[in-house]
Amino acid sequence: MNPVQELHNLLEELIIEAIEACREEGRLDYQQLPDFVIEVPREKGHGDFACNIAMLLAREARMAPRKIAETIVTMINSKSHFQIEKIEVAGPGFINIFLNNSWLYDIPVLIAELEDRYGYNPRLGQRVQVEFVSANPTGNLHMGNARGGAIGDTLANILDRAGYDVQREFYINDAGNQIEIFTDSLETRYLQLNGHDLPFPEDGYAGQDVVETVKRIIRHYGKQLLDMSSEERRKILLDYALEEKVKYIRKTLENFGVNYEVWFSEKTLHKTGKIDEVVNYLQEKGYVYKEEDALWFKSTLFGDEKDEVIMRANGIPTYFAADIAYHKDKFERGFDWVINVWGADHHGHVARMKGAMEALGYDPDKLDILLMQLVRLYRGGNIVRMSKRTGTTVSLDELIEEVGRDAARYFFVMRSPDSHLDFDLELAKQQNQENPVYYVQYAHARICSIFRQAEAAGVRMSGIAEIDPSLLQEEEELALLRKIADFPEEISVAARTMAPQRIARYVLELAGLFHSFYNHHRVLCQDQRLQNARLLLMHVTRITIKNSLKVLGVSSPERM
RNA sequence: GCGCCCGUAGCUCAGUUGGAUAGAGCAACGGUUUCCUAAACCGUGGGCCGGGGGUUCGAGUCCCUCCGGGCGCACCA
């Protein structure tokens, strides 16, 4: 259910019918209807909806836009429409439509019926996959991964509400060059801790967590790995470390409210020969050439700045080759839409990844890469320097520990992915209106409190059928209703534009309208009929706040 | 040097496929509590939407150019 969309469609039909009728009567002359817009004007005085068709038609119809608008309006007015209060021509030729409130009063009844399902648009029968975080299983989850987790999961939730069948996926980079280096680090640490005096690899993983992992391995295996061949030893070290790391990543993300349907192992692509397969295929198609013993993919054919190596001179495929095979696999699984959430530092890969899909015969427009800018951590006014070298990096676990899951989830999505995110740890912990999470959660708790008060006073909301929502006439009540009615459309736009920050903003505005209502009017009052209508309003406000927060992965406390 | 992102109120940021008089929160200033949570609300001030050019009936939004900031430009991922 999407009431705003339904109204929109209704008005669109109405206008098209009117225009066509005008043409038939010879009042308007045009060949084809232009792509006009029916939008919600910024200015309240411009009506509930406004249409720009007259301006777009002016040239072809050889008429002044206002004149055209008047012709259309006259035609529409010749029939009566029960939902339209008035319709007028304004400004350069806008058609402004003012509705009566009858549609608004249907909303709370519908929501009370739908409850948790309010916000869901009709099923589209389309499958979309969202791949996000996909952190290397060689270290802790950092702030970039955290933002990716919040954005990816929220986007997946939005797409679900928008009507898609969504699958969340984590790509485990458990093969390739970084894993070799990781294994070198593990082996060196193992030997060092067993008394061998060895230099640590220059580009190795020097973090303390690797040492801790190796210590656990020693506790488990003792010195028996010393007697093995390096190959055997490395396999055991790596398998143990990977299992531990992946388990840790999964646990941290679950703790963050992120749950994946699929954990996809890069290693399987190597094992099953899918990488060689796709490289050979591209070679046969002539998209690959050899230079200095390496194989290069002609990504410049697809608008990339330069070609990219897919097979090194030593015969080992690059990360890019594995990624092509991986994305080919995604499309083979039949998704209608494939979305990756990447850090902005990977933006250089977008063109060649899409190019590779095109070379394989897939529609590159079905692959969207959502790039997100980096995160800067602040504590009060001071930036928290994040350096892996000095070990001052803050991990996702530590962040959740410090500010809580709710604040972390909300803060990571409240800005556009395109914007750098300044994450203020102090603000995230504050319990006042400066902190948007608390502001919204407080609104929910306040509504719960009203119902507790009501119950204590022996008051219960009547059955829906006995409530008359049209008693809600106050400005604050209508504004709140209007905002509540927007929710499904807000979801729909957020899905279309891949913009999770819209929901964070939406629920903040919704909470603001509630607080404003609360401070102007009493729910529990002498007038039984009005009290019932307001209890219903509170009921559906609570549902909408809760459903919005659910999309963001933020809890809705009943008291605070 | 080339490419991508960003530049909007003192600060942090919104701003559907171009729409009418550019918004919110915080900060500043002033007010609200015999009343369901003052963890809240109401009001006031604050802007050449980085500069310049162009397209359009109409540009914060699209194009060009310049300036400033971030990121990338490996047989790393």
Side-chain angles (χ1 to χ4, degrees), chain A residues 35 37 39-43 45-46 50-52 54-56 58-59 64-65 90-94 96 134 136 138 173 176-179 181 203 291-296 304-306 308-314 316-320 322-323 343-351 371-374 376 381 414-422 424 427 430-436 438-439 441-443 445-454 456-457 459 489-490 492-494 496-497 499 501-502 504-505 508-509 512 514-525 534 538 559-560:
Chain A
D35 262 343
V37 170
E39 59 173 5
V40 178
R42 269 200 294 243
E43 282 293 317
H46 294 150
C51 181
N52 67 346
M55 278 98 78
L56 300 175
R59 181 170 295 179
F94 286 102
N96 290 345
S134 299
N136 277 331
T138 53
N173 297 113
N177 209 39
Q178 289 305 311
I179 288 297
I181 293 167
D203 52 356
E291 194 174 293
E292 291 177 11
D293 291 332
L295 290 182
W296 296 72
D304 200 4
E305 293 167 62
K306 61 182 204 54
E308 186 70 14
V309 171
I310 53 173
M311 196 71 87
R312 300 190 186 90
N314 61 13
I316 297 172
T318 61
Y319 162 83
F320 181 47
D323 229 15
D345 53 339
H346 287 67
H347 75 253
H349 304 262
V350 174
L371 294 172
M372 50 166 194
Q373 300 295 322
L374 51 87
R376 279 183 301 226
M414 70 181 175
R415 304 292 176 228
S416 158
D418 277 340
S419 282
H420 287 228
L421 176 67
D422 291 327
D424 188 337
L427 177 59
Q430 278 176 42
Q431 310 209 347
N432 56 41
Q433 64 167 347
E434 280 182 57
N435 182 346
Y438 273 86
Y439 184 78
Q441 289 184 317
Y442 178 54
R446 229 180 187 184
I447 297 172
C448 292
S449 173
I450 294 171
F451 280 97
R452 281 193 298 270
Q453 287 287 330
V459 172
E489 178 62 7
E490 200 59 43
S492 170
V493 174
R496 191 165 62 241
T497 56
Q501 75 279 8
R502 291 190 69 110
R505 174 160 287 265
L508 187 63
E509 288 168 355
F514 159 73
H515 284 306
S516 184
F517 160 80
Y518 180 93
N519 277 281
H520 284 91
H521 310 287
R522 286 191 58 84
V523 174
L524 305 178
C525 55
R534 285 185 174 163
M538 290 302 98
R559 39 178 109 229
M560 290 170 74

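A note on names: the letters A, B, ... follow the listed sequences, proteins ahead of strands, and every chain is numbered from 1.
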- Any donor-acceptor pair under 3.5 Å joining the side chain of A:N96 to the base of B:A20? yes

- Query: Is any side-chain N or O of A:N52 under 3.5 Å from a base N or O of B:G19, one able to act as donor and the other as acceptor?
  - Reply: yes

Need one value for [X]: base, sugar-phosphate or nothing, where a base atom within 4.0 Å counts as base even if backbone is also close, heavy atoms only.
{"X": "A:A344", "value": "sugar-phosphate"}
{"X": "A:A90", "value": "base"}
{"X": "A:Q431", "value": "base"}
{"X": "A:A445", "value": "base"}
{"X": "A:A50", "value": "base"}
{"X": "A:V37", "value": "base"}

[atom1] of [X] to [atom2] of [Y]: how many Å apart, nearest 0.5 Å?
{"X": "A:R446", "Y": "A:Y518", "atom1": "CZ", "atom2": "OH", "answer": "4.5 Å"}
{"X": "A:R452", "Y": "A:I447", "atom1": "CZ", "atom2": "CD1", "answer": "11.5 Å"}
{"X": "A:I316", "Y": "A:N177", "atom1": "CD1", "atom2": "CG", "answer": "7.0 Å"}
{"X": "A:F320", "Y": "A:W296", "atom1": "CZ", "atom2": "CH2", "answer": "12.0 Å"}

Please give, in whole Å, the distance from [N] [atom2] to [X] [atom1]?
{"X": "A:H347", "N": "B:C71", "atom1": "NE2", "atom2": "P", "answer": "11 Å"}
{"X": "A:R59", "N": "B:U55", "atom1": "CZ", "atom2": "P", "answer": "13 Å"}
{"X": "A:H420", "N": "B:U8", "atom1": "NE2", "atom2": "P", "answer": "13 Å"}
{"X": "A:H346", "N": "B:G3", "atom1": "NE2", "atom2": "P", "answer": "22 Å"}
{"X": "A:L56", "N": "B:U56", "atom1": "CG", "atom2": "P", "answer": "15 Å"}
{"X": "A:I310", "N": "B:A77", "atom1": "CD1", "atom2": "P", "answer": "13 Å"}
{"X": "A:Y439", "N": "B:A38", "atom1": "OH", "atom2": "P", "answer": "13 Å"}
{"X": "A:F94", "N": "B:G19", "atom1": "CZ", "atom2": "P", "answer": "9 Å"}

Applying the Watson-Crick and G-U wobble criteria at under 3.5 Å, what pairs with [N]? Answer none if nothing qualifies.
{"N": "B:G23", "answer": "B:C13"}
{"N": "B:U32", "answer": "B:A40"}
{"N": "B:C2", "answer": "B:G72"}
{"N": "B:G58", "answer": "none"}

Please report the distance separating the [atom1] of [N] from the corresponding atom of [M], rounded so that it comes out in whole Å.
{"N": "B:G18", "M": "B:A39", "atom1": "P", "value": "45 Å"}
{"N": "B:C49", "M": "B:U32", "atom1": "P", "value": "38 Å"}
{"N": "B:U44", "M": "B:U8", "atom1": "P", "value": "25 Å"}
{"N": "B:C67", "M": "B:G10", "atom1": "C1'", "value": "23 Å"}
{"N": "B:C6", "M": "B:G15", "atom1": "C1'", "value": "15 Å"}
{"N": "B:G23", "M": "B:G47", "atom1": "P", "value": "13 Å"}
{"N": "B:C57", "M": "B:G51", "atom1": "P", "value": "25 Å"}
{"N": "B:G50", "M": "B:G31", "atom1": "C1'", "value": "38 Å"}

Whether [X] side chain and [Y] backbone form a donor-acceptor pair below 3.5 Å:
{"X": "A:H515", "Y": "A:G512", "result": "no"}
{"X": "A:N52", "Y": "A:V37", "result": "yes"}
{"X": "A:N96", "Y": "A:A50", "result": "no"}

- Message: If you assign each of A:Y319 and A:H515 to its closest nucleotide in RNA chain B, which residue comes earlier from the 5' end?
- Response: A:H515

- Query: Taking for each residue the nucleotide of RNA chain B with the nearest heavy atom, is it A:H520 or A:Q453 whose nucleotide lies nearer the 5' end?
  - Reply: A:Q453

With respect to the phosphate group of [N], does any side-chain polar atom (N or O) of [X] fall under 4.0 Å of OP1 or OP2?
{"X": "A:R415", "N": "B:A14", "answer": "no"}
{"X": "A:Y518", "N": "B:A39", "answer": "no"}
{"X": "A:S516", "N": "B:A40", "answer": "no"}
{"X": "A:R376", "N": "B:G70", "answer": "no"}
{"X": "A:Q430", "N": "B:C26", "answer": "no"}
{"X": "A:S416", "N": "B:C6", "answer": "no"}
{"X": "A:R505", "N": "B:C13", "answer": "no"}

From the list [options], which nucleotide is the closest neighbour of the side chain of [X]?
{"X": "A:L374", "options": "B:U12, B:C75, B:G70", "answer": "B:G70"}
{"X": "A:M55", "options": "B:C36, B:G19, B:A77", "answer": "B:G19"}
{"X": "A:Q501", "options": "B:A38, B:C5, B:G15", "answer": "B:G15"}
{"X": "A:E305", "options": "B:C5, B:G72, B:C42", "answer": "B:G72"}
{"X": "A:S419", "options": "B:C13, B:U21, B:C36", "answer": "B:C13"}
{"X": "A:R502", "options": "B:A20, B:U16, B:C57", "answer": "B:U16"}
{"X": "A:D422", "options": "B:A77, B:U12, B:C36", "answer": "B:U12"}
{"X": "A:E39", "options": "B:A77, B:C73, B:G19", "answer": "B:G19"}

- Message: Centroid distance below 5.5 Å plus an interplanar angle below 30 degrees: do A:Y438 and B:A39 meet both conditions?
- Response: no

- Shortest non-hydrogen contact between A:A54 and A:P65, atoms and distance: CB-O, 3.3 Å

- Item | 4.5 Å side-chain heavy-atom contact, A:E308 and A:T318 | no

